[in-house]
Amino acid sequence: MERAFLGWKDAPLERAADWLVERFGADMADVLVALPGARSGRILSELLARRSGGALKPPRVVTAGLASDALLEVEGAPAGRLVRTLAWKEALAGLDAATLSRIVARPPEVDDLAGWLRLAEEVRGLFGEVAAEGMEFGHVAANEVLAPLEGEQRRWAALAQAQERMVALLDGAGFVDPHVGRLAAIRAERVRDVGAVVLVGVSEMNELLRRALALCDDRVTSLVFAPDELADSFDAWGGLLPEAWSRWHTSLDAESQWFVVDGPADQADRVARVIAGFGGRYAAEDITLGVADREVAPYLQGTLGALGVTARDAAGTPMGRTRPARLLEAVAHFAEGRRFADLAALVRHPDFEAALRTMDEGLEAVDWVDAYHNTHLPSRVDGVWLADPDERGDPRLAAEMGRLWGAVRDLLGALLDGGDLPAAAVTPAVRALLQRIHGGRELDPAEESDRILIASLARFGEALGELEALPAAFAPSGSVAATLSLLCRMVANDEVAPAAARANEPTIEMLGWLELALDDAAALVVTGFEDGRVPESVRGDSYLPNRLRQSLGIVDNEKRLARDLYATELLLQSREQVAFVTGRRNVAGDPQRPSRIIFHCDEAEAVPRVKRFVDAARQPVPRLPTGAGIAAERPLPRLDDEPQIEAISVTAFSRFLASPYQFYLERIAGLETLDDRARELDGSAFGSLAHRVLADFGEDAQARDEVDEDRIRQFLLDRLHAIAGLRFGDRPLPAVRLQLQQLERRLTVFAGVQAARRTTGWEIRESEWAPEPGHVDFQVDDVPIRLRGRIDRIDHHPERNEWAIWDYKTGENVGDPRAAHRSAAGEWRDLQLPLYCVLAEGLLGEAEPTELGYITLPRDIEKLGFKSPDRWGGTQKDPEPFGDALGSALETARDVVRRIRAGEFFDAESFAPRDPIFQAIAGLGVMASEAEVEE
Amino acid sequence: MSAPTHKLILASAGTGKTYQLTNQFLRLLFAGVEPERILATTFTRKAAGEILDRVLLRLVEAVESAKPREALADAIEAPGLSAADCRGLLSKLVRSLDTFQVRTIDSFFVHLVRLFALDLELPPNWRIASTRDGEALQSEAMQDVLSTAPAEEAVRLLRELDSGGVGRGVHGRMLEHASQMRPVFLESAQGAWDGIDPGARPSDAAVESTLEAVAAAEVPVTGKGAPDSRWAKAVTKLIELTAEKNWTALLGSGLVKVFLTEGRAYYNKPMPASLADAIAPIARCAAFEFLTTLRARNQATHALLERFEAAYGERKRQTGAYGFDDLPLALAPRGGAESPIEARELDLWFRLDSQVDHLLLDEFQDTSPIQWRILEKMASEIAADGTGERSFFCVGDVKQSIYGFRQAEPRLLQELDTLLPGLVPEAIDKSYRSSRIVLETVNHVFGGLADNPALAHDDVDSYAPGARRWQDRFHPHVAAKNLPGATFVIEAREPAEGESADLPRIERAVDRAAAIAAEAPHATVGILLRERKHIANLIHRLRRRGVDASGEGGNELTDSEAVLGLLSLLHLADHPGDSAAAFHIATSPFGGYVGLPKGASDEKRREVARGIRRRLVTEGLGPVCADFAERVSADPSTSAWDEARFSQLVELAFAFPFEGDAGLRASDFVDHVRSERVEVPGGARVRVMTVHASKGLEFDAVLLPELHKKFVGQRSGLLIDRPRPDGLIETVSISPSKNLLIADPALREIYDETTARMFEDGLCNLYVGMTRAARRLELIVPWEDPKHVVKVPTVADFVRAALPADELRAPDAEGVIWSHPENAAADGWAAGLVEEPDRDGAQELVVTSLELAQSTRARRLPRRSPSAEEGGRRVRAESLFASRAGARRGSLVHHWLESLEWVEDFALDDESALASGSEIEPDLDARRLALGQLRESLQAEPVKLALSRTSCGAPEDVALDVRNEHAFSIILSDESGEEQHWTGFIDRLVLAHRDESVIWADVLDYKTDILTEDELPERVAYYRPQLEHYGRVVAAQTGLATDAIRMRLAFLHLGRIIDIEVA
Ligand code: SF4
C-alpha cells in the first residue's frame, strides 16, 4: 500500500492524470482507477486521453462504490435491485405475524403490492448500509448499545430472521445478494487479477472496500489531495482520520467568501452578483455552481437564464417526469378504477392524444371529455355512453364518446383487462401500447425532446426486460395497475442525463456538493451552504441513530463533518475563486442555520461570523418603487367587430341591468368558461332537470288536468327517473343520487300544491310556450327588436276567464318575485315577468294576467308554491296599478335596448363577476380571494 | 449562577415572551447544559427561527459590549459574566448548531413520526401532503361515503343538517360539515355523541287525560278578581298545541316554557300548583320528543363522521398522504391507554439521539389537548425533578388565546399549575412594545371589564362568568419605554339607503390608513380584521388610492395582469373549449406570444391548447413558464411590477410538485397560484390581515375596523363539554335553538359555558388586535343608531361603554368621538421613526449582466461512442422498448467470443460457457439456444475464414496482434475542427506489425441480428457509420491510412461477412 500526496494547490484531477501518466505511460489497460464519483471518472479519462493521444490504452475507471466488485471474484449471479427487493418482500411477508409485527406495526394488506415493495425497499437499503460495513443484521442485534433496549433488540432480531430468509430465497433462485457475495469472496480471499489499483481522492471508504483492498495490498496506490505535511491526518489507505479533520479550522475568509441571504430566490440573486463581481475574468465554462440544496437549483436556472446563461443541471431530468413515465402512470390510474377523471387526465397526455388523433382523425378528445363530464357527471367509464335527446344536449356527444372510447380501447388493448395477472403477462401489453404510441417514429438525438424520449423509452425497455427475466419465485402478480406502478417505480430513481453543453452557448455547470471536490473549474460558488446539508447531519434515525452508528463504526456525524471540512478546505485551496452562500429560509419558509463549517475557526473570528448571520435577518431588503404595482385603469376589452343586436331574450335584461359589460361578454361576445370539477349537480343543472320534468308535466294533457295528488306525484317522479336515467345513467355519481332524492321531495310537495290549485279551477293551458315564430317584435324608437323567450307555464281559469303566467324557480332561496324584479326604491332589476306579458300578448290579447309570478320549489319546502305579488309597486295602502308598473318596466326595457344599440357596455364599476377568468378580462385578479373564509 | 428551576410565566402582550424564553435558554447553556438536551417548541416557523436568532444575537452583543453583557448577566443571574465567557460559549454553540432543537410543535411531531413510522399504524409510504391534496382526498372520501352509505341514512342526515329543508347541494355540504366536525369527533370519548338521555315518555293516554286537568286548573286572577285573560289564552293555546302534538312549539313558548323556567312566572304571576301539576306530563312529553330527535340527529352525525373517518383513513392509507393533524393521532391514538412507542417498548430518546432534560414551551395557550397529551409524559417527568438537573419552562398568555378554532385549549395554561403540581405562575405586564397612551387605552377597555355597562343586559348574563375570568387574568399594563403615542375612537358615517353597512367602515379605514401613510411614510400600519372576507377589497381600495398595501404573507400573484394572462393560457390548455379564457388571452399580450388573435377559430384555439399541453409535458412547467417570462420581460408594455410578479410565478412553477394526474392537468397549477400568497419584494408598509394572522407581529399604527361584530358570532354548530382541559370531550351535541335547551338543564349549562368561552375568545381577539400597536391605535366603530337599544352588545358597544363617558364627544369631521387626552400632537406620535436605509433601491433590485468572459469552448468535450452512431444517429423508437431477449443473446455471444483468438484454437466447452453466461441471460434454455447458434455460425465458411489465422495470409515476418474488446479513449476532431472525446470498444481488432510499425489493421464487428438476406443491405447501411468511426479511431491510434484498415461486419446468424468500403 502506497500513499502519494499530490498537494492541493491546483485542479486535483490534473495532478492525478499527471501522476498516472508518469507512472504507467500510455498503457493503462491493466490499471483499475477508482474515484469517488462517476463524473470525476469521466473528467479523468478525458484528461488522460488528452495527455496520451492515440497511444492510450485506457485504464478501467470505476466509482469507489463499485471498486470492490471490480476487485472481488464473487461466486454466483449477483441479484439486481429488483430481484433483491422482491426477495426481501417475500422474506418479510413470509415471517410469522408476531415476528413481522416487530418490524412493522401494521403490515400492508396481502394484495397491497406497492405497500410491500416500499417496505422491502426500506429494508433492502438498510441492509446495504449495514453490509457495506461488513456486517449483517445479526451483528446489529447483538450490539451492546441495544442491550437495554428490548423493543429495538427484538426488531433487529426479526430483521436478522428476514435476512436469513432473503438469502435462502435468493439462493433457491440461483442468485446471491451482492453484499453477501462480496463478504464471502473476501472471506475466501477470491480476488480478480488486476495489475494495479489506484484510488484517486477516495477520502472515505466503507469497510468492504478496505477489506477488498487489503487482499491486493501490494498493488494499491492511494492518491491524496493534500500536502505531505498533513500525512498524519490520513490513514494508511489515504482515508480521512475523523479525529484529525473534525477539528480542522478552514482557511475561509468569511468577509469576502461567505454570504448570508434570505430565501432561495435571494441565493440565486447573490450568485449572480458574485459572478458579476468576477468582473469578466472567467468565461461561463470556468465557473461551477455548487448546489448543496437541490431546491435552489430551479431558482439558479431561472435567474441565470434570464441573464442569458444556461445553468446546466448535472442531475438531469428525473425519469418520472418523462413522457412515457407520465403516460404509464396515467394509464395505471385509469386502469385501476376506470374513473372518468383519470380518463380526462389520460387524454390530455400529448402522445396519447396524438395517437388518438392518428387512429381516428379529427377526434377532439379533450373537448368531448369536458362536454361529456359536464352533461352527464359520470363517475366511472363502463363503455356505455349516455345520450339525452334533450335539445340542449349535443346530439353528437354520445357518438363522439363512442368513437373516443373505441380508440382508447384500441390503444390500451390488454391493459384494460381486469383481474390479477403475472407481471410477464402485462409487459407485452405495455410494449404494444408503446408501439402504438411511438412505433414507426425515427427519433433524433440531436433534438432535446427526442433525446429525453430515447433515454426514457430505453430505460422502460430495460425495465420491461427485467420484469420478464424475473425468476418465477419472485415474479409479482397483481392488477395491471399495480404492475404498471411497479414499472414506474423501477425507473423512478433514475435520471436522463442533461444534454452536453454546446460550445457556442455560455453554460455554467451545477453540481451537487459531493461532486465539487474533484471538479476542475477555476471559480466556484456554493449555494445551500446550510446546516444539515453540509455536512449532512442525522439527528435521530428510525434504525441507526448516531449512537448505534458510532458503536457499529458506520458513517456517523463526526465522519460526515470531517469529510466536509476536508472538502471545504480542498475547495478553498485549489480554486482561484470560491464563495459560499447560505439562505436563512428554505422554499417552504422553514428557518435554516448556516453550515457549522463556517464556524470552524478561531473563537474570536466566530463572533463576527455569527453576527453576520443574525444581522442578515435584520437587513432591509430592496423593494419595488412605491406604487409600482398599481395598474393604470385600462379600457375594458372589446371585440374587433361587434355584431348587430337584432334579438334579445327576456332573461337577458337582468344581466344588462346588473352589469352591461357582463351582458356584453356573455351575450354579445358569447363567452363562457369551462372546467370539469363538478362533483354534483350545480344550480343550473339541477334547475334544468326540474324544468324538464315540470315541462313534461305541463305538456301531458292527462297529467296536467289531474286533481289527485298521488297521481301527479307519480307522474312527476316517473318523469324524473326517466329523464335522470337518460342524463346520468343508472349508476350516477353518489351525490347525484341523493340530489335526485332531494328533488323528488320537492316535486312531491309540489304535487300537493298543484293538486290543490287545480281544484280551484285553474288549468294549465300552455307549457314552455313561445309565440310564433319564436319572438315578438318589440318597438324601440320605431325600430323593432326581436324579443325572444319561452314561458314556463300559462294557466287559464275558464270559469273566470282569467290568465296566470308562471316561471318555475328551483333556486335554493327564491322568494318574492317583486323583490327579485324591483329594488325597494322601485328601480327595475329584472324584467322577465313583465316581458312575459309582452310575449304572451298573442295568446292573451288585451287581457291582463290575473296572476304573474313564480312557482317556487326552494330548499325550504314550506315555502314551495305559487307566488304572485299582490302589487308590483307603490305601497300596501296605495298600490301601483299593474298597467303603470308594466309601463315603467317596458320603458326600462326600451332604455336597455337603446343603450345596447348605443354600445354602452363598458362600465367597469358594475362589473363584479365571480368567475376568475371573467375577472381577469377586466384585470381584476386581486379580487379573487374575496370568497376565502376565516383561516 | 442559580440552578435552573421550573417556571410558568404568564406574559402579557409585548412584554417579551421571547426574551424570557431566550433568558432561560441562555441560563441553561451557561450552566453547561448541552444544547441537545434542550427542546424548545413554539407554533410558527418564524418564531422558531427567531428564538435561535435571539440567543445568538444576545451572545454576540454580550461579547461586544458591556451594557448588554451586564443585562444578560442580570437576566440569567450570573454576576461577573465576562466577554470571554460569552465568546467561549458562542463559539462552542455554533459548532454544534446541528444539535439545537428549536422547532414548531408540528415539526417535532413530524420528526417523531418519521422516526417511528413503522411502529405506528402508518403505511410505509406516508408523507405530509399539501393542503390541496388533503382536500382532494377528503372530497374523494366523501364520495366513498355517499356511495356506500345507505341512501336513506344519507338523505335523513342531509335533511337533519338542513333542519328539515331539502337543499340541492349534497357532496359539498356534507364535506364541509364533516371536515368541520372532524376535529371534535376525533377528540370525543366513547359515547360522547350518545350522551343525551330523553328520559321516559308519558303515554299518549296520560297526556290526553291531563289535558282535562289543564283545562280545569285555575289560572291567576287579575286585580279585579277575574281570571287573567292572558293566562286563559295561554292555556287554550297549550291545549291546542298538545292536541296537534306540536312539541317543538310547546317547548319553545307558552306555558310549558314557563313551567320549565325557574320561578315559573308569567306576566309576573307565578304558576298555580294545580296547573303546574297538570302541565308536568305535557312538558315531560315535549322534552322527551325534542331530546329524542336531538339524540337521533347526534347519532346520525356521529354515524356520518364515523363513515367519513373510515373512508378518509382508507384513502390516506392508499395514497400515503397525511396531514399535520393526523400525526398527533398516530402518536397518541384515541382511547389508547399507552402510546404505541411505549407499548412496543421502544425508546424515544434512543431514536431521537438525545435525552431531553430541559423543556421550553412557547405560546403555551395555543396548545391543543392532544398535543399536550403527547408532551405531557415528558413534561411531568421533567417537572417532577427537584434536583435542578432538569427543568420545565413554559410561557404563554391566556388573554391571547385566539386559536380555539384550531383546537387550542387555553385552559391548559390556566390550569397548568395543577396539571404539573409545584409550578408557581409568575405574571409580567410591563410592555416593551406599546406606548403609554396605547396601554392606557387597553387598560380602559379591559380594566373595568366585569362592570362594563354594555354587559348589563339579561340577554348576555351568560357572558358574566367569562367576563369575571378575564378580569381576574387582567392586570393593568405599564409601558417600559417612553414612546410617543396616540389613540382614537372613530365613528364611521351612517350608511346610505340600500348601501351595505360594511362600506362606511371600509371607507373610513381606507381614509385613515391613507392619512397615516401620508403623515408618516415610514410607519408600518396594520389593518386588522376579524375575518378574511374584506381583505382583498381593502387592499384593492388602498392601492387605488396610491397606497402600497398587501396582506400578511403577501397577496396572490393574481394581482399582476401578466400572471393572469399565463393563468388563462394554462386554463385554456386544459380546457380548449373555454372561450372566455381564449378572449382574455387574445386581449392580453399573451395573444401575441402564442399567436391567438381575437375571434380565432375553434381549431386555432385547440391547436394553441395542444401546443401548450405538449410543451408542459415535454419541457416541464418551470421551463415553460420561464420561457414566457422572457417574453414578458422583453415586452415593452410590461411594467416593473408585472415583471417582478411574473418571475415569482416562475419560481412557484419550478417548485410545484405535480402529485396527482401524472402532471397532466395544468389547472392544478392554476389553482395553486390562485391560492398561494407571495410577498412582493420588500413588502408593503400597510398590511391588511386578520387579527389571527397578526399574532406575534407589531405595527407602528394599528386600525381595527371590524368592531361592529358581536362577541359571540357564528357558533360552530356543536355543543361541547370537555370537563378536563387535557381530557377528551365527554358530551357533544348538535346545538339546537337556544329556547329549546330549556328541555335539558345539562345541555343548557354546556351552552352557557360555551357562550362564556366564546365571549372570552372575542375579548382575546380585541386584546390581541389592540396590543399589536406600538404607537398609534385607531378603533373604528360603526355609526350608532340612536333608536337602537343594545341587548347583545357588539365589540364597538363594549368599547364605547368602557371609555370615560365624559370624554366621549360627537363625531368631528374625521369621525373622531374619543381620543386619549394626552395624545401626541399631529404626527408627533411618529417622531423618531426613520426611513430604513436602502429601501427604495429599485435599481439595485436586479443584476443586469453577469459580465462573463467570452466562451471559447464547452466545459467538457462532447463524449461520443461509435456504437451510438448506428443508423446515422437516428433511432427507431421501437428498437428502444422491443424485447431485450435479442440484446441479451447478443451480449452472450460477444461474451463468448471474447476468448476467441483464432478459430483454429477456439475451444468452448458447454459447461463452463453456459455457467459463465448466467449473469447475462438467467434463462438456461436461452443460453443453450444461443450457444448452439454460435457454434452453427462458426461453422459457416465465411465466418470461419474471417477468424482463421491461416486464411488471413499474413507473411512470416508479420506479427499479428489480436485484441478482443479493444478499449479506446481518444480525442478526435471532426470536419469543423471541433474536438470530441471518443470512447468504446472494438469487438475484434487485429493489428499486423512488421518490425516496429503497424502495417495494416482489421476491424471486425459481430452482429447477432436475426434477419433475412433481403434485409441485409438495409442493415449494412444502418451499421456503416459505426464502422466508419472505428476506422477513424484505429487510423488515429495506428497512424495507418484508411486503405490499410479493413472493416468488416460479421452477421453471425446469416453466416455472412460484409466488407465496409470507406467512401
Ligand atoms: S408577541 Fe412578539 S414581542 Fe410579544 S412576546 Fe411574542 S415575540 Fe415577544
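The figures here come from the full heavy-atom set of this structure, side chains too, leaving out hydrogens, waters and symmetry mates. Here is the naming used below: chain letters follow the sequence lines, and residue numbers restart at 1 for every chain.
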Identify which part of A:Ile861 has an atom lying under 4.5 Å from any heavy atom of chain B, answering side chain, backbone, both or neither. side chain
Is A:Glu680 reaching over with its side chain to a backbone N or O of B:His171, donor-acceptor style, under 3.5 angstrom? yes
Give the member of B:Thr587, B:Thr618, B:Leu352 that has the highest number of heavy-atom pairs under 4.5 Å with chain A. B:Thr618
Interface check, chain B: of A:Gly53, A:Ala345, A:Gly670, most non-hydrogen pairs under 4.5 Å belong to A:Ala345
State the CG-CG distance between B:Asn125 and A:Leu119, to the nearest 0.5 angstrom. 10.5 Å
For the backbone of A:Arg596 and the side chain of B:Arg95, can you confirm whether one donor and one acceptor N or O come within less than 3.5 Å of each other? no
Which atom names give the shortest non-hydrogen contact between A:Leu681 and B:Arg168, and what distance separates them? O-NH1, 3.1 Å
Which of B:Glu630, B:Arg876, B:Gln143, B:Gln854 touches chain A most, by non-hydrogen pairs under 4.5 Å: B:Gln143
Under 4.0 Å between a Lys/Arg side-chain N and an Asp/Glu carboxylate O for A:Glu46 and B:Arg863? no
Residues A:Asp286 and B:Arg859 bridged, charged N to O under 4.0 Å: no
Electrostatic pair A:Glu353:B:Arg613 at N-O distance under 4.0 angstrom: yes
Pick one of side chain, backbone, both or neither for B:Leu120, based on which atoms fall under 4.5 Å of a heavy atom in chain A. backbone
Heavy-atom contact with chain B under 4.5 Å, split by part of A:Arg42: both
Kindly indicate whether the side chain of B:Leu880, heavy atoms from C-beta on, has any atom under 4.5 Å from the side chain of A:Phe460. no
Between A:Val104 and chain B, which part of the residue has a heavy atom less than 4.5 Å away: side chain, backbone, both or neither? both
Can you sort out the partners of A:Gln742 under side chain to side chain donor-acceptor pair (under 3.5 Å), two or more places apart, ordered by chain and number? B:Arg159
Only pairs of heavy atoms separated by less than 4.5 Å count here; which of B:Glu878, B:His981, B:His575 has the most with chain A? B:His575
Which of the residues B:Arg87, B:Arg888, B:Gln1037 is involved in the greatest number of heavy-atom pairs with chain A at under 4.5 angstrom? B:Arg87
Portion of B:Phe350 that has a non-hydrogen atom of chain A nearer than 4.5 angstrom: both
Check whether any side-chain N or O of B:Glu345 sits under 3.5 Å from a backbone N or O of A:Glu150 as a donor-acceptor pair, and report yes or no. no
Greatest number of heavy atom pairs closer than 4.5 Å to chain A - which of B:Gly599, B:Ser855, B:Ser568: B:Ser855
A:Ala306 versus chain B, the contacting section by heavy-atom distance below 4.5 Å: neither
Using modelled atom types and a 3.5 Å cut-off, is there a donor and acceptor pairing between side-chain atoms of A:Arg321 and backbone atoms of B:Gly620? no
I'd like to check the side-chain contact (heavy atoms from CB on, under 4.5 Å) partners of A:Asn557; sequence neighbours left out, ordered by chain and number. A:Ser537, A:Val538, A:Arg539, A:Asn546, A:Arg560
I'd like to know if the side chain of A:Arg106 and the backbone of B:Leu122 have a donor-acceptor N/O pair within less than 3.5 Å. no
Any donor-acceptor pair under 3.5 Å from A:Arg593 side chain to B:Leu97 backbone: yes
Residue part contacting chain B, namely of A:Arg737, when any heavy atom lies under 4.5 Å: side chain
Look at B:Arg114, B:Arg606, B:His111, B:Glu851 and state which one has the largest set of heavy-atom pairs under 4.5 Å with chain A. B:Arg606
Going by an N to O cut-off under 4.0 Å, is there a salt bridge joining A:Glu152 and B:Arg344? no
